**Student:** 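Once you've had a glance at the structure underneath, I'll fire off some questions.
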Number of protein chains: 2
Amino acid sequence: MTTGENGGAAVPARLRELPSRLLGQASTHAQRLVTEALGRADAHKWHYAAMVALEESGPVSQAALSDRTGIHRSDLVAVINELAERELVERAPDPDDRRRNVITLTPLGRRRLRRLEQILDTAQDELLSPLSAAERAQLTRLLGRIVEHHAYGASAMGPDGQ
Amino acid sequence: MTTGENGGAAVPARLRELPSRLLGQASTHAQRLVTEALGRADAHKWHYAAMVALEESGPVSQAALSDRTGIHRSDLVAVINELAERELVERAPDPDDRRRNVITLTPLGRRRLRRLEQILDTAQDELLSPLSAAERAQLTRLLGRIVEHHAYGASAMGPDGQ
DNA sequence: CCGCTTGCGTTGGTGTCACTAACGATATAG
DNA sequence: CTATATCGTTAGTGACACCAACGCAAGCGG
């Protein structure tokens, strides 16, 4: 979808103002910006997500990491591989439960995370450049409400949920 | 990415509040909602986009349609095929320029479009259900500014209007 | 202790989507 | 007439979200 080029042709208002479409296009631009920025530093969105979660939670299993990042556990394998390859993370079997791998952020990983944070800050800034600070906060709040609202469905979830 | 399931595990605030990530997740939910809704009616996002553009512009070439909808011209081929198959649209060679196909919305297509509009309205409503009318308008405006701002690059034109 | 069920990490695969590359046919410029 | 550009079309790519199934380990009931 994404727009590509447009030599001044009229995009119908019904399309221009359709929220689902706006979300799609904005998301495409957003992903492109952050993917390119991180790519220049040999990194990936998922690397950042995993490392942030690891810094907050300390060493955890891959399953827990999947919950905390939203990265599917089948995709997480490759992410951990790449991070471990670069020695940003260590994967070790959990002695208490030998089904698990405990993932630990290395000091190098922590430094790396600082760098990725800078890169992402810049990218967000570019993404939101047409908006004021107040508008950015507003947008973030509104999107957060939408995402939170639609965050149900797949799992069983305890009886207490909801 | 999309969240999948979450048994109450803590998603770090740095992730939850990252605009590019919020956009991605919101977009995923949005696309899922509209794709499923339209799918139940044997339709597709692109069908709607093309038909809206055709209704506004009258008969146009595929290239023009591509500009007006943002659908890549290589993808538009299949879209027109599907619409023509259902007799919602007619594809005829342009006598004035035999490289072109002129695409015309049929009366059946126009009726069909009314139906798709209903479906999409419902889907947008579900998507935005946690927001008030004012907030929905706000969100649409903010997203529109972002999309518009990033809608450059490929063609001539200054790279970064600002 | 044994069998059953559940959770873990891993592999391989699927469908959607935006986008690129190249081609034959046609139109237009020099 | 030759060169270049545009149009529709085909095929293919890479990113992404997600599913299915497996081997293995843990925990539980009997």
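The chains referred to below are lettered A, B, ... by the order of the sequence lines, with proteins before strands, and numbering in each begins at 1. The structure displayed is predicted, hence computed values, not measured ones.
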**Student:** Less than 4.0 Å between a side-chain N and a carboxylate O, is that true for R145(B) and E148(B)?
**Tutor:**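 Answer for the salt bridge query: no.
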**Student:** Look at H44(A) and dC16(D) and indicate whether a side-chain polar atom (N or O) is within less than 4.0 Å of OP1 or OP2.
**Tutor:** yes
**Student:** Once you round it to whole Å, what is the distance between P of dG8(D) and CZ of R73(B)?
**Tutor:** 9 Å
**Student:** Classify the side chain of T28(B) and the base of dC16(D) as holding, or not holding, a donor-acceptor pair under 3.5 Å.
**Tutor:** no
**Student:** Could you tell me which non-hydrogen atom of L38(B) sits nearest to which non-hydrogen atom of K45(B), and how far apart they are?
**Tutor:**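 Nearest pair, atom of L38(B) first, then K45(B): CD1-N, 3.4 Å.
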**Student:** Calculate the interatomic distance between W46(A) atom CH2 and dG14(D) atom P; express it in whole Å.
**Tutor:**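 Distance check: W46(A) CH2 to dG14(D) P gives 15 Å.
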**Student:** Out of V89(B), L113(B), L88(B), which one pairs with L108(B) under the side chain to side chain contact (heavy atoms under 4.5 Å, CB included) rule?
**Tutor:**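 Answer after filtering V89(B), L113(B), L88(B): L88(B).
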**Student:** Which residues, if any, of residues 79-97 of chain B bring a heavy atom under 4.0 Å of DNA chain D?
**Tutor:** R91(B)
**Student:** For a quick check, tell me whether the side chain of D75(B) and the base of dC19(C) share a donor-acceptor pair closer than 3.5 Å.
**Tutor:** yes
**Student:** In whole angstrom, give the distance that lies between atom NE2 of H29(A) and atom P of dA18(C).
**Tutor:**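 My rounded result for the distance is 11 Å.
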**Student:** Verify the distance criterion only: is there a donor paired with an acceptor across the side chains of Q124(B) and R136(B) at less than 3.5 Å?
**Tutor:**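 No.
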**Student:** Which atoms form the tightest heavy-atom contact between T69(B) and A53(B), and what is the distance?
**Tutor:**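 Scanning both residues completely, I find the closest heavy atoms to be CG2-CB, 3.7 Å.
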**Student:** Give the rounded distance in Å between these two atoms: CG of L65(A) and C1' of dC8(C).
**Tutor:** 14 Å
**Student:** When the distance from CG of L76(A) to C1' of dC16(D) is rounded to whole Å, what number comes out?
**Tutor:** 15 Å
**Student:** Counting just side-chain N and O atoms, does Q62(B) come under 4.0 Å of either OP1 or OP2 of dT6(D)?
**Tutor:** no
**Student:** Tell me the interatomic distance from H72(B), atom NE2, to dA21(C), atom P, rounded to whole angstroms.
**Tutor:**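 Going from H72(B) (NE2) to dA21(C) (P), I get 10 Å.
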**Student:** Identify the two heavy atoms, one from L127(A) and one from A26(A), that lie closest to each other, and give their separation to 0.1 Å.
**Tutor:** CD1-O, 4.5 Å
**Student:** So which nucleotide from dA18(C), dC16(D), dC18(D) ends up closest to the side chain of K45(B)?
**Tutor:**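 Nearest to the side chain of K45(B) among the choices is dA18(C).
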**Student:** In whole angstroms, how far is the P atom of dA17(D) from the CG atom of L23(B)?
**Tutor:** 13 Å
**Student:** Using whole Å, what does the distance between atom C1' of nucleotide dT16(C) and atom CD of Q31(A) come to?
**Tutor:** 15 Å
**Student:** Could you please name the option among dG8(D), dC19(C), dG12(C) that lies closest to any side-chain atom of S74(B)?
**Tutor:** dC19(C)
**Student:** Look at the side chain of T35(B) and the base of dT16(C), then say whether one donor and one acceptor between them are separated by less than 3.5 Å.
**Tutor:**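 Checked by distance alone, the answer is no.
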**Student:** Rounded to the nearest 0.5 Å, how far apart are CG of L18(B) and CZ of R16(B)?
**Tutor:** 12.0 Å
**Student:** Let me know, please, whether S61(A) or R99(B) comes out on the 5' side of the other along DNA chain C by nearest nucleotide.
**Tutor:**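 Upstream on the strand: S61(A).
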**Student:** Between R98(A) and dC24(D), does any side-chain N or O lie under 4.0 Å from OP1 or OP2?
**Tutor:**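 No, no such contact exists.
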